[in-house]
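Values in this document were obtained by computation on a predicted structure and should not be read as measured data.
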Amino acid sequence: MKWFKAMAAACAALMVAISLSGCAGSSTKESTGGYIDDTVVTTKVKTALFSDKEIKSSEINVQTFKGRVQLSGFVSSADDAKRAVDVTRKVQGVRIVENDMKIK
């Protein structure tokens, strides 16, 4: 009977470990907590860009992965692109800004 209880406990521990490993991140995949953090950073960046009246933010796309923010889309001038990058860098949680915006 002790052997059965020990095997049941070991199987339960193994199932918990396997379940939790699905939430872990890697270099190409975010953890659940990392995904939530990046969503918050993306929202903060979009809010900061929208709040800046000099930037036409409706045509700028924002994507975040592990604190690296990618700005893409279209802007009217190089100055607008530079301003968008500067505004993004000031947002808490942003580590790196990649500028992939095109001037139309």
Side-chain angles (χ1 to χ4, degrees):
M1 192 65 156
K2 287 183 180 182
W3 181 82
F4 180 74
K5 286 183 180 179
M7 284 301 280
C11 287
L14 181 62
M15 288 177 60
V16 168
I18 290 172
S19 297
L20 291 177
S21 69
C23 296
S26 68
S27 62
T28 58
K29 179 183 153 210
E30 282 185 300
S31 67
T32 303
Y35 176 78
I36 292 170
D37 291 345
D38 284 344
T39 302
V40 170
V41 170
T42 299
T43 303
K44 286 181 179 179
V45 169
K46 287 181 178 182
T47 301
L49 291 172
F50 182 75
S51 298
D52 192 313
K53 300 301 179 198
E54 295 181 27
I55 300 172
K56 187 175 180 182
S57 62
S58 63
E59 295 185 12
I60 298 175
N61 300 314
V62 180
Q63 292 182 332
T64 307
F65 182 74
K66 295 187 177 187
R68 178 184 296 261
V69 177
Q70 178 185 17
L71 300 176
S72 60
F74 297 96
V75 291
S76 301
S77 67
D79 289 336
D80 288 349
K82 182 181 180 314
R83 183 159 180 87
V85 169
D86 291 341
V87 167
T88 302
R89 281 193 178 122
K90 294 177 185 175
V91 173
Q92 183 179 1
V94 174
R95 293 184 317 113
I96 299 170
V97 178
E98 292 181 9
N99 180 2
D100 291 331
M101 293 178 283
K102 307 275 189 246
I103 299 170
K104 56 176 175 171

- Task: Using the test salt bridge (charged side-chain N to carboxylate O under 4.0 Å, His left out), find all partners of E59 that sit at least two apart in sequence or belong to another chain.
- Result: K56, K104

- Query: Would V62 end up clustered with F65 when hydrophobic side chains under 4.5 Å apart are linked, directly or stepwise?
  - Reply: no

- Query: Are I60 and I103 joined in one hydrophobic group, where the rule is that I, L, V, M, F, W and Y side chains link up if heavy atoms are under 4.5 Å apart?
  - Reply: yes

Kindly indicate whether the side chain of [X], heavy atoms from C-beta on, has any atom under 4.5 Å from the side chain of [Y].
X	Y	value
D37	V41	no
V94	K44	no
V97	V45	no

Tell me which donor-acceptor pairs under 3.5 Å the side chains of residues 75-82 have, and how far apart each pair is, sequence neighbours excluded?
{"unit_1": "S77", "atom_1": "OG", "unit_2": "D79", "atom_2": "N", "d": "3.4"}
{"unit_1": "S77", "atom_1": "OG", "unit_2": "D80", "atom_2": "N", "d": "3.2"}
{"unit_1": "K82", "atom_1": "NZ", "unit_2": "D86", "atom_2": "OD2", "d": "3.1"}

- Item | Reported OG1-to-NZ distance for the pair T88 and K46, which is rounded to 0.5 angstrom | 12.0 Å

- Message: Measuring from atom CD of Q70 to atom CE of M101, what distance do you get when rounded to the nearest 0.5 angstrom?
- Response: 10.5 Å

- Message: L49 vs L71, test: side-chain contact (heavy atoms from CB on, under 4.5 Å). Steps then yes/no.
- Response: CA-CA 11 Å; L49 291 172; L71 300 176; 4.3 Å; yes

- Minimum heavy-atom distance between R83 and I55, given as atom pair plus value: CG-CD1, 3.7 Å

